[in-house]
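Written out below as structure tokens is the structure these notes cover.
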Amino acid sequence: MYGYIIRRLLATIPVMVVVGLVVFLLLHLTPGDPAAVIAGDYASPEDVERIREKLGLDRPIHVQFFTWAGAVLQGDLGTSIFSNLPVTHLIGQRLEPTIALSVSTMIFAILLAVPMGIIAAWKAGALTDRAIMAFAVLGFSVPVFVIGYVLMYVFALKLGWFPVQGYKPISEGFWPFLSSIALPTVALGLVYTALIARITRASVLEVLTEDYIRTAKSKGLNNAGLLLRHALRNAAVPIVTIIGIGLTLLIGGVVVTESVFNIPGLGRLTIDAVLRRDYPVIQGVILVFSGVYVFVNLLIDLTYTVLDPRIRY
Amino acid sequence: MSTIDLTASSPPPRIAARAMDYARRHPTVVAGAAVLFVMALIAIFAPLIANDPMKLTPINRLKPPGEQYWFGTDFLGREVFARTIYGARVSLIVGGAVALVSVAIGLVIGLVAGYVRWIDAIVMRIMDGIMAIPGVLLAIALIAVAGASLMNVIIAITIPEIPRVVRLVRSVVLSIREQPYVEAAVSVGSPLPKILFKHILPNTIAPLIVQATFVCASAVVIEAILSFLGAGTPPEIPSWGNIMAEGRTYFQVAPWILFFPGLLLAITVLAVNILGDGLRDSLDPRIARRM
């Protein structure tokens with residue numbers, strides 16, 4: 001067990017090294033001079049030279065990588081070219097809305113998807129099942145910004161139930177906060193809901209064919225007890241796994257949703273950085289998001305032994 | 001005499017009957033393929049269906065949908081209908097190209113990684129690393145560095161899709177390589193490329209066709225997202241994402257600029273997804289577990 005935890009912890013190192021290499025090489029993969037790319041189309045040769053020196057681009061590439069990686073490991077993600085502020089500072093400023101939106105989306109999606117998946121599996125083949133699965137395919141197909149604008153049009157512009165755009169921090173009161181992230185949460189949550197509902201249905205359906213389910217039925221256990229105590233518990237591992245894997249979808253969606261609903265989070269920071277060619281910020285945000293993905297999936301792998309005592313390493 | 005007649009006339013109806021039977025059992029495959037076929041016709045014959053998508057008629061700015069302008073006009077008086085029709089071209093080209101290229105590259109990497117142990121360890125660590133980076137972000141960053149062009153959009157969307165194909169191919173190879181007929185091929189001294197391409201490759205085709213449809217759907221969505229965020233297809237090309245991006249500012253007064261391209265985008269992605277779901281069920285029920 002402890003051996004497994006240590007092996008799993010060590011396995012994240014090569015993944016993060018590859019992430020670091022990809023993020024670092026982003027700038028160097030382009031044909032041409034990275035300093036000129038950063039400086040943009042209207043820069044003078046002096047500007048290019050200044051940037052080259054400032055970022056250390058005049059040194060050999062492996063030296064640059066180890067200098068950069070060393071700084072990242074100490075929590076230094078570099079300095080924004082545009083605002084001259086530390087990247088960690090910029091990310092810190094934008095963290096709250098993104099965390100709020102991601103967490104509310106996860107809660108929304110799991111609360112909606114798991115019951116939907118269980119009901120679909122229980123009523124497999126019936127109209128309810130087909131309706132839920134049709135919803136899942138639809139939720140998976142309609143892009144988040146299309147759903148976002150439809151929701152905004154109906155519930156904000158026409159009905160006026162929610163603010164059209166913008167974000168209210170939780171410090172300005174819980175209800176204004178909740179109402180500002182309600183529509184973004186639903187828009188972003190549908191893809192995730194569809195994904196989790198499909199896996200829940202599939203894994204519950206598989207468990208329902210097991211012998212112990214028949215035994216539980218024959219001893220007269222009611223449906224709720226059967227589904228929740230026996231089926232869901234045994235189907236938990238694939239469901240939790242897909243929640244972790246789906247995190248990349250969620251992160252990609254956050255960037256778009258923040259842009260649609262004008263929420264000043266990490267996604268907006270990324271898009272602004274892309275439009276301004278502020279590469280240290282782009283690199284920093286990708287590193288942070290990838291780090292979160294790796295960390296959450298690590299936690300999920302470690303919970304397997306708790307969720308399913310049969311798993312021993 | 002009558003028996004000869006029977007054999008001569010029966011094959012055509014039998015094929016038709018089998019096709020009908022297949023359509024009855026897998027209606028989603030037929031529905032998805034039909035919608036995509038229509039969408040492809042629209043894209044190919046766009047100049048015959050619609051007027052010039054670039055033509056400015058400033059006097060008719062922001063006209064709502066009606067008899068003259070089916071989908072209304074945008075803030076420069078361009079026809080949203082014409083622009084949306086032309087937008088199908090970008091989405092289908094990107095979807096098709098990304099699916100083909102990522103499957104081709106992923107297939108070769110996956111075959112080699114699944115069969116050659118020491119390459120496997122290295123390649124799979126690299127794939128795990130790329131998969132840890134959210135695909136949309138990686139694509140945005142690649143385009144930010146490489147510059148906006150249709151070619152770069154295709155490359156930037158392909159790179160994050162490759163690891164998923166590699167993993168699928170590798171998982172098939174790992175189960176096939178232990179089969180007796182592969183061992184037999186090895187024992188008679190078949191060269192490695194022959195074993196990989198003649199004996200193992202055919203087993204990967206069915207799951208790859210299904211995977212290709214899902215990659216295609218994902219590529220169409222990501223292209224639209226990138227264009228919508230201003231980091232994708234160059235803004236002068238009317239793609240669904242670009243039309244929607246331009247319509248954002250006028251959303252409250254002219255929602256149709258966003259609505260119609262969004263609708264076609266959703267219909268296209270839905271068609272590809274239900275085609276993929278249907279193919280997965282009809283080609284081989286066992287591969288459903290692997291996806």
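So you know, we letter chains A, B, ... as the sequences are listed, proteins then strands, and number each from 1.
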Verdict with supporting geometry, A:M133 and A:V137, side chain to side chain contact (heavy atoms under 4.5 Å, CB included): CA-CA 6 Å; A:M133 284 303 103; A:V137 178; 5.6 Å; no
A:F65 atom CZ: more than 12 heavy-atom contacts under 6.0 Å: yes
Measure [X] against the heavy atoms of chain A and call it side chain, backbone, both or neither at under 4.5 Å.
X	value
B:M244	side chain
B:A132	both
B:V136	side chain
B:L258	side chain

Top residue by heavy-atom pair count (under 4.5 Å) with chain B, among [options]?
options	answer
A:V150, A:I286, A:V294	A:I286
A:F145, A:Y293, A:F289, A:F140	A:F145
A:I271, A:I282, A:N297	A:I271

Considering only heavy atoms from C-beta outward, does the side chain of [X] approach that of [Y] to under 4.5 Å?
X	Y	result
B:R280	B:L275	no
B:V166	B:M124	yes
B:V123	B:R170	no

Residue pair B:S91, B:E223: steps toward the side chain to side chain contact (heavy atoms under 4.5 Å, CB included) verdict: CA-CA 7 Å; B:S91 288; B:E223 186 279 324; 3.9 Å; yes
Heavy-atom pair of closest approach, residues A:P238 and A:I199: O-CG2, 3.7 Å
SB check B:E246 B:R83 (cutoff 4.0 Å): yes
Tell me, out of [options], who's got the most heavy-atom pairs with chain A below 4.5 Å.
options	answer
B:I140, B:V269, B:V220	B:V269
B:L265, B:V221, B:D128	B:L265
B:A139, B:G147, B:A224, B:S218	B:A224
B:M127, B:R125, B:R248, B:M131	B:R248
B:L138, B:T268, B:I133	B:I133

So for [X], is it side chain, backbone, both, or neither that comes closer than 4.5 Å to the heavy atoms of chain B?
X	answer
A:V260	both
A:S259	both
A:R198	side chain
A:L21	neither

Working for side chain to side chain contact (heavy atoms under 4.5 Å, CB included), residues B:I222 and B:E161: CA-CA 11 Å; B:I222 295 179; B:E161 296 287 350; 4.0 Å; yes
Geometric class of the B:F228/A:Y149 ring pair [parallel <30°, tilted 30-60°, perpendicular >60°]: perpendicular
